[in-house]
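The analysis underlying the following values was restricted to heavy atoms, covering all of them including side chains, and did not include hydrogens, waters or symmetry mates. As the structure is a computational prediction, the values presented were derived from the model and not from experiment.
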Amino acid sequence: MKITYFSNSQKFLYDFQHIIRAFYPGAEVKFGHGGDIHLEAYFEEMRVFLKLQTRDKTIQKDFILVYDEHESKRIFGRNLYDLLRQETKKDLPWGILTGIRPTKIVYPLLEQGLKEEEIYKFLQEGYYISDKKSKLLLRVARNEINILNKLEPSSACLYIGIPICPTKCLYCSFSCHEMTRQIKSLLGMYTDSIICELEKTYQKIDENKNRIVAIYFGGGSPAVLGIENIKKIFTNLFDNLEKNCIQEITFEAGRPDTISEDLLEYLAELNRYLNIRLCINPQTSNDNTLKIIGRNHTFEDIKKAFALTQEYGFNNINSDVILGLPGENENDYKKTIDDVLKLSPASITVHTLSIKRASLLRFKWNEYKFMDEETVNNLLDWTQYVLEEHGYIPYYMYRQKNMIGNFENVGYCKRGFEGLYNVMIMQEKHNIYACGAKAVSKFVYEGDRIERVFNPADIKLYISRILNVDI
Ligand code: SF4
């Protein structure tokens, strides 16, 4: 299906497109004219005319905006939603909410001291968010606030990015490099570049009087650097940061084929006096799906990795799973949750598949069957119920663009195992220093102004910029 939209103004253009996409997942949505369905917005000062045209009918609406920009955006979104609901007879669980950090809208309401019922009313009437999602949102926001309230304003995070993986997952849109012979030959220089960037970063941390409380080794699969390079980075961190301020170090060991005993032995040593949080991510327990999505491991490998981490005494392990993977049905997903629960990780992060433009899946979309939105929505409710039954609480959430059914990703954990870095990065109240290719630092200024600093995504370019060499 082809859908076009047109507006005589740049106003709310992002929301215009996003809400249409949410109603018609998988459709081609373009700015312009023509197609099976055409939507148009005409702004005349404070008045807006909205029109939806199909081959055989036209429906229209007009309404008045207000001087408050945020409220005007919601008025526009609600009117567009009403038009699309009339056409599709559908409701969206997240209503007109387009942001990727939904708890951020609840924060000020909690700070103003609004009662629970008043917050629900605002979410449901202002954003058309469903009753169930409003309740989940408020719960998660309260958990996030509890975590953030324990931090000093000077607290900050440090991200170290190693965007390299053994193979590329079908749904990956991240500028992640596959481990080729050439990339392998650059690992030593890449480590030196990270250390060089870290040295400059420590100066900034000092200038800003920040204290690093959470460190995240992400990527990619940082373990591909090899134990000697990893030790070099840790030694440099401990020589320069105040160890007793560090409350958490997360190490993404997501792909079990990258985990070695040397690495676990080294991290286990650190885990004796630091809180090391390991990520071992099955995504699914279905071996056939693992093959389809291009991960060259089985669920048996995940079980072995878990057994090994237990031998080394790790108790803070996170497992990611994805709901809606290509070819999977309700039973496959439920089996994954059951299998992961048997491993008893400290936290389980449940993602809903997102089909990103830059992913291989975007081009192979038609080759697979996917669950429909209603099934995904029911399974999200089922997941929350089952995980809570097993003692997990929802403690952070975010949304991505192009997720099946426009749903959410939720981090669940056993109490006391909340991932500090995850909450800090979502709430954008603290500085985030980031080193490595594709890393993005975020600096938060008064008035909640945020400045982002981007590193080059390409590893060769990153190395040559940092070390000032030609590669
Ligand atoms: S593990 Fe993550 S970063 Fe690596 S290829 Fe898969 S989705 Fe991309």
Side-chain angles (χ1 to χ4, degrees), residues 3-7 9-27 29-31 37-43 46-52 59-109 114 117-138 140-141 352 354 373-374 376-377 380-381 397-410 426:
I3 301 171
T4 57
Y5 65 101
F6 180 81
S7 175
S9 163
Q10 290 291 315
K11 238 181 177 169
F12 315 135
L13 214 49
Y14 173 79
D15 297 70
F16 198 4
Q17 186 207 107
H18 186 91
I19 294 170
I20 299 170
R21 282 190 197 281
F23 270 96
Y24 297 100
V29 180
K30 280 199 166 147
F31 187 83
I37 298 175
H38 176 67
L39 285 118
E40 253 180 48
Y42 270 92
F43 289 79
M46 300 301 273
R47 192 165 192 160
V48 185
F49 297 87
L50 261 183
K51 183 166 79 175
L52 183 153
I59 41 178
Q60 310 192 52
K61 259 180 155 281
D62 68 285
F63 48 93
I64 308 286
L65 300 177
V66 293
Y67 285 102
D68 177 337
E69 191 67 6
H70 293 293
E71 182 52 21
S72 280
K73 194 167 139 173
R74 287 192 288 270
I75 292 173
F76 178 83
R78 287 195 298 264
N79 278 282
L80 174 62
Y81 186 102
D82 289 342
L83 215 60
L84 289 163
R85 174 165 49 190
Q86 193 180 331
E87 170 63 16
T88 60
K89 315 278 180 282
K90 266 204 315 200
D91 266 307
L92 304 176
W94 285 101
I96 61 165
L97 193 70
T98 54
I100 59 167
R101 294 178 173 84
T103 46
K104 275 183 100 172
I105 58 168
V106 180
Y107 269 35
L109 309 177
L114 259 64
E117 311 79 66
E118 292 170 314
I119 295 178
Y120 289 146
K121 194 169 182 283
F122 177 73
L123 297 175
Q124 289 164 14
E125 291 179 6
Y127 287 94
Y128 288 171
I129 298 175
S130 76
D131 190 38
K132 273 187 184 155
K133 298 295 179 205
S134 300
K135 283 187 178 142
L136 175 64
L137 188 49
L138 183 55
V140 174
T352 309
S354 162
E373 293 155 61
E374 203 186 328
V376 172
N377 197 21
L380 282 170
D381 292 344
M397 69 154 66
Y398 66 101
R399 297 169 72 220
Q400 289 167 284
K401 287 181 199 162
N402 308 321
M403 295 171 89
I404 292 190
N406 201 25
F407 294 112
E408 69 275 0
N409 298 327
V410 182
M426 279 306 128

Of all the heavy-atom pairs spanning [X] and [Y], show the shortest one and how long it is.
X      : Y      : result
Ile3   : Ala27  : CD1-CB, 3.9 Å
Ile105 : Leu109 : O-CG, 3.5 Å
Trp94  : Arg399 : CB-NH2, 3.4 Å
Ile96  : Gly126 : CD1-O, 3.6 Å

Could you state the interatomic distance from [atom1] ([X]) to [atom2] ([Y]), rounded to the nearest 0.5 Å?
X      : Y      : atom1 : atom2 : result
Thr98  : Asp15  : OG1   : CG    : 4.0 Å
Ser134 : Lys121 : OG    : NZ    : 13.0 Å
Thr88  : Tyr81  : OG1   : OH    : 8.0 Å
Glu40  : Lys51  : CD    : NZ    : 4.5 Å
Leu97  : Leu137 : CG    : CG    : 7.5 Å
Leu52  : Tyr5   : CG    : OH    : 15.0 Å

Report the C-alpha separation of Lys135 and Asp131 in whole Å, then their side-chain angles, then the decisive distance to 0.1 Å, and conclude whether the salt bridge (charged side-chain N to carboxylate O under 4.0 Å, His left out) test is met. CA-CA 6 Å; Lys135 283 187 178 142; Asp131 190 38; 3.4 Å; yes
Hey, what's the ring geometry for Phe6 with Phe31, parallel, tilted or perpendicular (30° and 60° as the breaks)?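 Correct class here is tilted.
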Using the ring of each side chain (for Trp, its six-membered ring), is Phe16 parallel, tilted or perpendicular to Phe76, with breaks at 30° and 60°?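 Because their plane-to-plane angle is over 60°, the rings of Phe16 and Phe76 count as perpendicular.
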Would you indicate whether the side-chain heavy atoms of [Y] and [X] approach each other to under 4.5 Å?
X      : Y      : value
Ile19  : Phe12  : no
Leu84  : Leu39  : yes
Thr103 : Met426 : no
Leu65  : Val48  : yes
Leu380 : Lys133 : yes

Ring-face cation of Arg85 near Tyr128 (centre distance under 6.0 Å, axis angle within 45°):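 Positive - Arg85 is close enough to the ring of Tyr128 and near enough to its axis.
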Any Lys/Arg nitrogen of Glu374 or Lys90 sitting under 4.0 Å from an Asp/Glu carboxylate oxygen of the other?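 Lys90 and Glu374: not salt-bridged.
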Under 4.0 Å between a Lys/Arg side-chain N and an Asp/Glu carboxylate O for Arg74 and Glu71?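 Counted as a salt bridge, because a side-chain N and a carboxylate O are separated by less than 4.0 Å.
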